[in-house]
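Since the structure is predicted, the reported quantities are computational estimates derived from the model, not experimental observations. First the proteins, then the strands, lettered A, B, ... as listed; each starts at 1.
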2 protein chains.
Amino acid sequence: MAGTDASDRRPLSRRIADDLRAQIARGDFTPGAPLPSERELIELYKTTKATASKVIGMLVAEGLVYTEFGRGTFVRSRPPLRRISAARRHAAHRDAGKPVFDVQAIEQGQVPTREILFVGRGAVPSHSATWLRVATGTEVVIRRRLQLLDGDPAVLSTSYYPLWIADGTLLESPDAIPEGPDELIEKLGHRFSHGIEVFRAEMPSQEEAQLLRLRPGIPVVHMWDVDYDEQDRPLQVAHDIYAGDRHEFSYEWNEEDIRR
Amino acid sequence: MAGTDASDRRPLSRRIADDLRAQIARGDFTPGAPLPSERELIELYKTTKATASKVIGMLVAEGLVYTEFGRGTFVRSRPPLRRISAARRHAAHRDAGKPVFDVQAIEQGQVPTREILFVGRGAVPSHSATWLRVATGTEVVIRRRLQLLDGDPAVLSTSYYPLWIADGTLLESPDAIPEGPDELIEKLGHRFSHGIEVFRAEMPSQEEAQLLRLRPGIPVVHMWDVDYDEQDRPLQVAHDIYAGDRHEFSYEWNEEDIRR
DNA sequence: AAGTGGTCTAGACCACATA
DNA sequence: ATGTGGTCTAGACCACTTT
């Protein structure tokens with residue numbers, strides 16, 4: 001117990017949190033190891049339950065530790081992240097006749113599954129509407145599904161298809177599309193000419209946290225993937241929400257890219 | 001006040017938080033608008049300070065609201081995000097003789113500044129060491145600086161240069177490098193041939209949150225940019241930490257990329 | 001001075017996990 | 001049965017902002 005002497009201007013909870021954080025950084029608690037219980041913290045730092053509980057809450061919010069009800073508080077371990085490479089969509093699936101997600105999963109020795117959450121017509125939300133170049137709320141075909149790896153939720157994926165493409169096609173059918181929506185769109189006579197992928201980090205909404213089974217303190221990565229045809233018409237907007245503690249994203253470049 | 005009737009299995013704090021969240025989603029509180037004060041919440045929901053305070057803490061951790069000491073709690077507004085396009089480094093700076101950060105900032109009408117935090121030799125941390133293909137702790141030249149836009153912290157940037165490149169060069173000098181490190185490296189006779197950019201989302205450490213002046217509930221995006229020469233030797237590893245509420249990242253592709 | 005968020009104590013009870 | 005985290009009440013004080 002260090003750094004908690006006296007006349008310190010930091011609040012007690014902050015001092016305790018800093019102390020524990022330093023101990024974790026020093027390796028006193030290795031990943032997976034239990035922190036002192038709240039009752040022990042009360043003893044150690046001469047405080048009360050509310051404060052001890054708050055301290056743990058701070059570390060949880062930082063993503064440094066997690067709690068298990070009835071068991072204890074543990075240092076979070078950082079499992080290896082699944083690498084997602086961008087602008088990957090078409091290159092990858094062209095080889096396989098399978099959805100990109102499945103191809104990448106199988107490459108990495110994991111079993112992909114999916115739960116269809118919604119298929120049907122609906123109003124396109126604001127951000128995706130901008131990418132589709134339609135007004136917010138325009139009716140489109142929506143496919144929403146949760147994609148899992150070895151049974152663990154990995155990506156919450158929502159795709160928006162304009163009616164001029166999806167109307168009356170299998171895209172409106174609630175069944176899974178074996179070859180994936182991209183291949184289906186090509187079969188319908190459209191052609192992916194160019195696209196853009198846009199990312200940002202956020203904290204999950206309640207619903208996202210629940211569906212992706214995210215522990216507190218874990219951010220998500222939102223990705224919008226927009227595909228256009230030769231006439232620069234948006235064919236689809238895919239909005240994927242990745243569990244932040246299980247994914248990273250990579251992009252490669254070489255001299256050809258620079259000097260074009 | 002809805003959804004707080006009775007015999008609800010959710011904890012009171014959760015019910016109140018859900019209630020407020022729904023009201024925000026409905027637009028009862030618009031971005032920038034104040035939430036009921038904690039004392040008002042105590043009245044409204046017949047509870048106590050600790051619980052009201054916890055409710056606010058939950059919403060803050062979600063990044064939905066923020067508090068200002070002595071003023072109140074307000075709905076967070078989402079300012080437009082600065083777009084960062086990847087594999088951008090060399091293409092962009094080649095035109096300008098300026099660091100990429102400055103070029104992109106000026107393009108968007110903002111004033112770039114930087115605070116040098118550290119320049120000198122040091123031990124390369126584990127993740128960057130992997131990318132540099134050296135052992136963790138190997139001595140390298142490190143340049144660490146905080147980059148700001150219109151005075152607001154935007155990126156915390158740490159670059160690692162192997163000694164065979166940086167030894168005895170301006171890269172070791174604590175002054176800013178007017179043309180940017182990339183151009184300097186090229187002047188030293190090296191050539192950027194290819195590279196990779198890797199991203200992931202995290203919650204900030206205490207230090208990162210402080211330097212970037214991040215509000216609670218805002219994640220950061222870590223980006224590693226690794227550049228190689230023609231012989232596939234890593235010339236540098238740049239580790240940038242972006243404030244998550246002020247940036248998004250984009251990548252474009254077209255048919256040429258697919259069919260190579 | 002009045003209102004706001006931030007912190008803390010003291011103590012109680014509930015829900016879950018484990019031996 | 002015991003130990004763990006989760007929640008809550010009641011009340012006090014502090015620090016900051018605004019009028």
Please report the distance, rounded to the nearest Å, between [atom1] in [X] and [atom2] in [N].
{"X": "A:Lys54", "N": "D:dG6", "atom1": "NZ", "atom2": "P", "value": "16 Å"}
{"X": "B:Glu40", "N": "C:dA2", "atom1": "CD", "atom2": "P", "value": "17 Å"}
{"X": "A:Glu38", "N": "D:dT4", "atom1": "CD", "atom2": "P", "value": "10 Å"}
{"X": "A:Ile16", "N": "C:dC8", "atom1": "CD1", "atom2": "P", "value": "8 Å"}
{"X": "A:Phe69", "N": "D:dT7", "atom1": "CZ", "atom2": "P", "value": "7 Å"}
{"X": "B:Leu41", "N": "C:dG3", "atom1": "CG", "atom2": "P", "value": "16 Å"}
{"X": "A:Phe74", "N": "D:dT4", "atom1": "CZ", "atom2": "P", "value": "11 Å"}
{"X": "B:Tyr66", "N": "C:dT4", "atom1": "OH", "atom2": "C1'", "value": "14 Å"}

Exercise. Would you please classify the geometry between the A:His247 ring and the A:Tyr242 ring as parallel, tilted or perpendicular, with 30° and 60° separating the classes?
Key: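 Perpendicular.
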Quiz item: Angle class for the A:Trp131/A:His127 ring planes (parallel below 30°, perpendicular above 60°, tilted otherwise)?
Solution: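 Geometry flag for A:His127 against A:Trp131: perpendicular rings.
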Nearest of [options] to any side-chain atom of [X]?
{"X": "B:Pro11", "options": "C:dG5, D:dC8, D:dG5", "answer": "D:dC8"}
{"X": "B:Thr48", "options": "C:dT9, D:dA10, D:dT4", "answer": "D:dA10"}
{"X": "B:Ser13", "options": "D:dC8, C:dT18, C:dG5", "answer": "D:dC8"}
{"X": "A:Arg39", "options": "D:dT17, D:dG6, C:dC8", "answer": "D:dG6"}

Do the side-chain N or O atoms of [X] get closer than 4.0 angstrom to the phosphate oxygens (OP1, OP2) of [N]?
{"X": "B:Ser53", "N": "C:dT7", "result": "no"}
{"X": "A:Arg71", "N": "D:dG3", "result": "no"}
{"X": "B:Thr73", "N": "C:dT4", "result": "no"}
{"X": "A:Ser37", "N": "D:dG3", "result": "no"}
{"X": "A:Thr47", "N": "C:dT9", "result": "yes"}

Quiz item: Is there a donor-acceptor pair closer than 3.5 Å between any side-chain N or O of B:Thr138 and the backbone N or O of B:Ala135?
Solution: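 It does hold such a pair.
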Quiz prompt | A:Arg10 backbone acceptor or donor facing A:Arg15 side chain under 3.5 Å | solution =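 Yes, the answer is positive, given that a donor and an acceptor are paired below the 3.5 Å cut-off.
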Quiz item: Considering heavy-atom distances to DNA chain C, does A:Ala50 or B:Ile56 have its closest nucleotide positioned more toward the 5' end?
Solution: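 The 5'-side residue here is B:Ile56.
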Practice problem: Just call it for A:Lys49: base, sugar-phosphate, or nothing, with non-hydrogen atoms closer than 4.0 Å on any strand. | Solution: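 Result for A:Lys49 = base.
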Quiz item: With a 4.0 Å cut-off on heavy atoms, is A:Thr67 in touch with a base, just the backbone sugar-phosphate, or nothing at all?
Solution: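 Answer is sugar-phosphate: A:Thr67 comes under 4.0 Å of backbone atoms only.
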Quiz item: With a 4.5 Å heavy-atom cut-off, do B:Thr67 and B:Val60 have their side chains touching?
Solution: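 In short, these two side chains touch, coming nearer than 4.5 Å.
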